[in-house]
Amino acid sequence: MTQPLLQQFAHDLQDCWQADYFRLRARLNRLAKNPDQKQLGQLQKAILKSKQFRENRSAALPDFTYPEALPVSENHKQIAEAIQRHQVILVCGETGSGKTTQLPKICLEAGRGINGIIGHTQPRRIAAQAISNRLAEELKTEVGKTVGFKVRFRDRSSSENLIKVMTDGILLAELQQDHWLNQYDTLIIDEAHERSLNIDFLLGYLKQLLRKRKDLKLIITSATIDAERIAAHFNDAPVIEVSGRTYPVEMRYRPLHDPDSDDDPLDLQQAIVSAIDELQKEGRGDVLVFLPGEGEIREASKTLRHLRDRMDILPLYARLPSAEQKRIFHPGGKTRVILATNVAETSLTVPGIRYVIDSGQARISRYSWRSKVQRLKIEKISQASANQRAGRCGRTGPGICIRLYNEDDFNNRQPFTEPEILRTNLAAVILQMVSIRLGDIEQFPFIDKPDARLVKDGYRLLRELQAVDDRKNLTATGKKLARLPIDPRLGKMLLAAEKTNAVTEVLAITTALAAQDPRERPQHKQQAADEKHARFRDEKSDFISLFNLWEYLEEQSEQLSHNALRKLCQKEFINHRRWREWHNLHRQLKLALKILIIKLNKEPADYAAIHRALLSGLLDQIGFKDKKFEYLGCRNQRFFIFPGSGLHKKPPKWLMAAEVTETTKVFARIVAGIQPQWIEQVGKHLIKHHSSEPYWQKSKARVGGYEKLTLCGLIVNPRRNINYAVVDPELSREIFIRHALVYGEWKNNLPVIQENRSLIEQVENLEARTRRRDILIDEQELYDFYAKMLPANITSGASFERWYKQNQNARKLKLDKNTLIREDARTVNVAAMPEIWRQDNLQLPLTYHFEPGSEQDGVTLKIPLSVLPQINETLTEWIVPGLIEEKILAHIRGLPKSVRKQFVPAPDFARVANERLKFGENNLLAELGKVLKQITGFEVKKPDWRTENLPLHLKMRFEVIDREGQ
DNA sequence: CTCTCCCTT
């Protein structure tokens, strides 16, 4: 019963709308395994609805023709056939061939656009919008129906569209949601030769996708010169050449230094002057001069001052105030000389140019993975770029291009400009790739594979931003960053601002950093502009300056009409268009934050809250003022504050920079003063600790030490007190055991420690009394005893106490005397060294000290002042029994030589004499004299006895104590 | 101590 029904469904699926197909097929497969009547009914409805939708699309197919004047119209049949026959084709032809607008129509002719949408991508928003308008016009419909477009901030697309024009960035963003790009049945990637980051990523991705989606067609357009490489990347896809509708351009090479002439080489400015002279002889016509940068343009406009009454000298670069840029598109009566940067090469088309002068140079942005700095150096442009420049004068009639270099130079140049992917930081691309689980980036089929070190560096930045972990997996932060349509550094600032409660301020600032600066400085009104902008300026932070500007403009835009705001912007030197961009970006990000449930703070945030959040995205762009005006940054990089900064005159000790770029010098642009402690806190995960000097910190009963903190080589804190156990628990444990337990340098109330300590003191006292060093087991043995007993995590008094209280085993730490006394010293005669001195009824304490050479060495008798007169000094001569034999020996040895020789060997005489003496009875020397005479018959005369050279420890010391115990 | 190409989610 269900089987034929399922077959019918499978058949009907073929006629469904592409975007539904895969989803419905999956549902059908599930039901085939596990049939359910109710769900089958629902599926049937869904299939019918989708079929109907597709039929509607088919019915909406408009009639169209190809404009006869366009070259591409001649080949439309050939191209349509190629599309039907191949999955990928390349169409190349120069500008003016009409390929951009006609290709979508050719796709319709080839039957595309019904099952799914024909997606057409452009590098620039303005172009996408203009092309969709043009297409809608040619197809006699309104934008938004058959033809839609979608760019940032503006979406006029829907599933009704047969053709959807968008920026390549939009297609990439859609990839995040729909990895299969199921809503499209055809994709046209236009201007692929520009090889932007977006295009290279798309072309790599599409190569993989085409294997999985055999129904998807891909058309790539490119300049002829680049076509082969791209075709090769797509398994030698066919290349269809479409002739351009351009006029011939005569090339003239006028190098600065002519090898055939003895003249001195010209400088660039002189060369421009003579080129203009030469071209004027060819007849009237506007001139477009390509120069590397603003500086050269300013200089050239000065050099060409003398031509001003005959010609309009017009600068043209991206940052040019909008009023000045408009003059380019509204020609006056005079001949125009337009001094332009690369903007005029691709982004802007200057109408009516007859002559081009090409300096052959451009500022090229290159990111150095070695120094992590972006460089903007003047370089020689490629052949492709030079040809593009020359082509700018062949659009309305034959033109002449003067190259300020020679033909050999041209022929020796690189054929193509290096694609952006080889010379930029890849963090943002990698984040997107990881987010859509593209697997190993090394395996990704890029047309030009970026250097492994560049990929590694991109991961490095993502690690620093905590977007990926050590194993290159996306973290929770990384997932959020991938969903924010902004540079990962800036996204990170926003996420950090949630924690510091400064989202409102940081949102305004990050969007300002992502957009272009709306502040204008017209060449001749710089001072006036600076004065107007001065009131927003903050002396500590350029970021705050941006926020001040934001607040002002927001307030004004709420209060004023559109026109009034425009006028205000003009008066205040604010580029209104850029302000709109900033505002739109802000709105878009605010919405994205809302989706992530990140709330904006109502209360103003303070400086620290704002800048700590900003710092989290700029941790590798910090600097320390090392010399006057010169900063030392990460990896020993030195840099200067950009002169346009509000901090330029008052440089702070520590700063962070939104950008670090090398031009004539390494400059930090948009900077703010920071506290080094913030770096320690915000950059915790990147800080390297260099610990040193562990020591026993008696007051805290732990091991203290010091550490130096560095971040990417920069010393953030030269010397910080630390708990050493955190960095080296093993060593700390050793030090703890030695000082706290072995040496007893720990005050505490734990009985086991107290008892062990007093036991050790007893044995030490024994050593003092017996004047020996070898009774107590040595320190190492005591250390080993504790080390064996203590768990590895005991590193301080506190951790010891915790363990001791919780662990019955800890009682085993109790020492006994046998453990403490060395085996060979167990038979020490202690009685001969009494601790109490007795005289009649008097009992006084005797203390012992063993430190030869010291005043305190020997035996000390403590006598209260009150009993001092009662002390029998004669008795004290006998010192203590344990020392008397040594004292006798010393006395014998102290005798004059002639006397002394009667008692050789002296130790034997001392021993025998001692045996015969009665300890403590009468005067020691008198008794000794008697005994010696008994033994030898020799009488020692009284003056021969010397007492002054006797070692100190053989004389009783007296310590008199007054009533207060002093 | 003094200045920078261009895009985009």
Side-chain angles (χ1 to χ4, degrees), chain A residues 121-128 150-155 166-177 191 194-202 290-299 316-320 340-348 361-366 374-379 381 385 417 420 423-424 428-429 431-432 435 481-488 490-491 511 514-517 521 523 526 530 581 584-585 588-589 591-592 625 627-631 638-645 647-651 659-670:
Chain A
T121 73
Q122 282 293 317
R124 280 162 290 278
R125 275 186 268 163
I126 296 180
K150 185 175 175 186
V151 294
R152 188 172 211 175
F153 312 135
R154 272 199 94 182
D155 185 1
M166 68 199 122
T167 51
D168 36 35
I170 291 280
L171 188 62
L172 275 178
E174 288 183 351
L175 216 57
Q176 291 287 332
Q177 307 305 318
E191 315 276 9
E194 285 190 19
R195 301 292 306 275
S196 66
L197 210 52
N198 284 350
I199 285 173
D200 272 26
F201 183 28
L202 269 178
F290 283 101
L291 292 164
E294 274 181 53
E296 291 80 3
I297 289 173
R298 258 198 305 277
E299 206 182 325
L316 176 62
Y317 46 85
R319 285 183 38 87
L320 194 70
T341 62
N342 256 353
V343 243
E345 195 180 303
T346 46
S347 308
L348 288 173
Q361 300 173 326
R363 276 193 194 272
I364 307 275
S365 155
R366 277 180 199 282
Q374 171 170 354
R375 298 209 168 100
L376 267 174
K377 292 279 170 90
I378 294 174
E379 292 182 20
I381 58 168
S385 178
T417 309
E420 198 183 358
R423 50 185 173 85
T424 193
V429 176
L431 179 67
Q432 298 303 317
S435 165
L481 289 182
R483 292 177 64 185
L484 288 174
I486 199 163
D487 183 82
L490 304 179
T511 48
Q516 288 165 305
D517 192 340
R521 289 181 86 219
Q523 215 175 324
Q526 287 187 357
D530 288 348
E581 282 282 310
N584 286 335
L585 198 58
Q588 189 188 29
L589 260 296
L591 197 69
K625 194 164 66 114
K627 298 177 190 162
K628 211 177 179 187
F629 303 114
E630 195 178 314
Y631 283 83
R638 297 193 163 272
F639 61 80
F640 298 87
I641 296 181
F642 190 75
S645 163
L647 283 70
H648 188 242
K649 288 199 182 85
K650 266 197 202 166
E659 278 171 34
V660 180
T661 310
E662 184 176 342
T663 52
T664 49
K665 279 179 175 174
V666 183
F667 284 110
R669 254 189 88 235
I670 314 187

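Computed from a prediction, not measured in an experiment: that's the story for all the values here. Each chain gets a letter, A, B and so on, in the order the sequences are listed, and its residues count up from 1.
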Among [options], find the nucleotide with the atom closest to the side chain of [X].
| X | options | answer |
| --- | --- | --- |
| A:Thr167 | B:dT8, B:dC3, B:dC5 | B:dT8 |
| A:His648 | B:dC7, B:dC5, B:dC1 | B:dC1 |
| A:Phe629 | B:dT9, B:dC1, B:dT8 | B:dC1 |
| A:Pro485 | B:dC7, B:dC5, B:dT9 | B:dT9 |
| A:Glu294 | B:dC3, B:dC5, B:dT8 | B:dC5 |
| A:Pro643 | B:dC3, B:dC5, B:dC7 | B:dC3 |
| A:Thr341 | B:dT8, B:dC5, B:dC1 | B:dC5 |

Indicate whether OP1 or OP2 belonging to [N] is found under 4.0 Å from a side-chain N or O atom of [X].
| X | N | result |
| --- | --- | --- |
| A:Thr664 | B:dC3 | yes |
| A:Arg125 | B:dT9 | yes |
| A:Ser196 | B:dC6 | no |
| A:Lys665 | B:dT2 | yes |

Legend entry - Rounded distance [0.5 Å steps], CD in A:Glu194 versus CG in A:Asp200: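 So the gap between those two atoms works out to 11.5 Å.
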
Legend entry - Nearest-0.5 Å distance that lies between atom NE2 in A:His648 and atom CD1 in A:Ile641: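 Nearest 0.5 Å value for the NE2-CD1 distance: 7.0 Å.
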
With a 4.0 Å cut-off on heavy atoms, is [X] in touch with a base, just the backbone sugar-phosphate, or nothing at all?
| X | result |
| --- | --- |
| A:Ala362 | nothing |
| A:Ile486 | base |
| A:Gln374 | base |
| A:Asp487 | base |
| A:Ile170 | sugar-phosphate |

Whole angstrom value for the distance that separates [atom2] of [N] from [atom1] of [X]:
| X | N | atom1 | atom2 | value |
| --- | --- | --- | --- | --- |
| A:Ile297 | B:dC6 | CD1 | C1' | 13 Å |
| A:Leu202 | B:dT8 | CG | P | 14 Å |
| A:Leu320 | B:dC5 | CG | P | 11 Å |
| A:Ile199 | B:dT9 | CD1 | C1' | 15 Å |
| A:Tyr317 | B:dC6 | OH | C1' | 15 Å |
| A:Ile378 | B:dC5 | CD1 | P | 9 Å |
| A:Arg152 | B:dT8 | CZ | C1' | 7 Å |
| A:Leu175 | B:dT9 | CG | C1' | 12 Å |

Legend entry - Which residues share a ring-ring contact (aromatic ring centres under 6.0 Å, His included) with A:Phe201, sequence neighbours left out: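 In terms of ring-ring contact (aromatic ring centres under 6.0 Å, His included), with neighbours along the sequence ignored, A:Phe201 is linked to A:Phe444.
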
Inset, instruction - Return the set of residues passing ring-ring contact (aromatic ring centres under 6.0 Å, His included) with A:Tyr317 (not counting sequence neighbours), or none when no residue passes. - result: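 By the ring-ring contact (aromatic ring centres under 6.0 Å, His included) rule, A:Tyr317 matches no residue at all.
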
Inset, instruction - Take A:Gly644 and A:Glu420, find for each the nucleotide of DNA chain B with the closest heavy atom, and name the residue whose nucleotide sits nearer the 5' end. - result: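 Nearest-nucleotide comparison on DNA chain B picks A:Gly644.
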
Legend entry - Over 12 foreign heavy atoms within 6.0 Å of CZ, A:Arg319: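 No, the 6.0 Å shell around CZ holds no more than 12 heavy atoms from other groups.
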
Legend entry - Side-chain H-bond candidate by donor/acceptor type, A:Glu294 with A:Thr341, under 3.5 Å: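 Not at all, the side chains of A:Glu294 and A:Thr341 share no donor-acceptor pair under 3.5 Å.
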
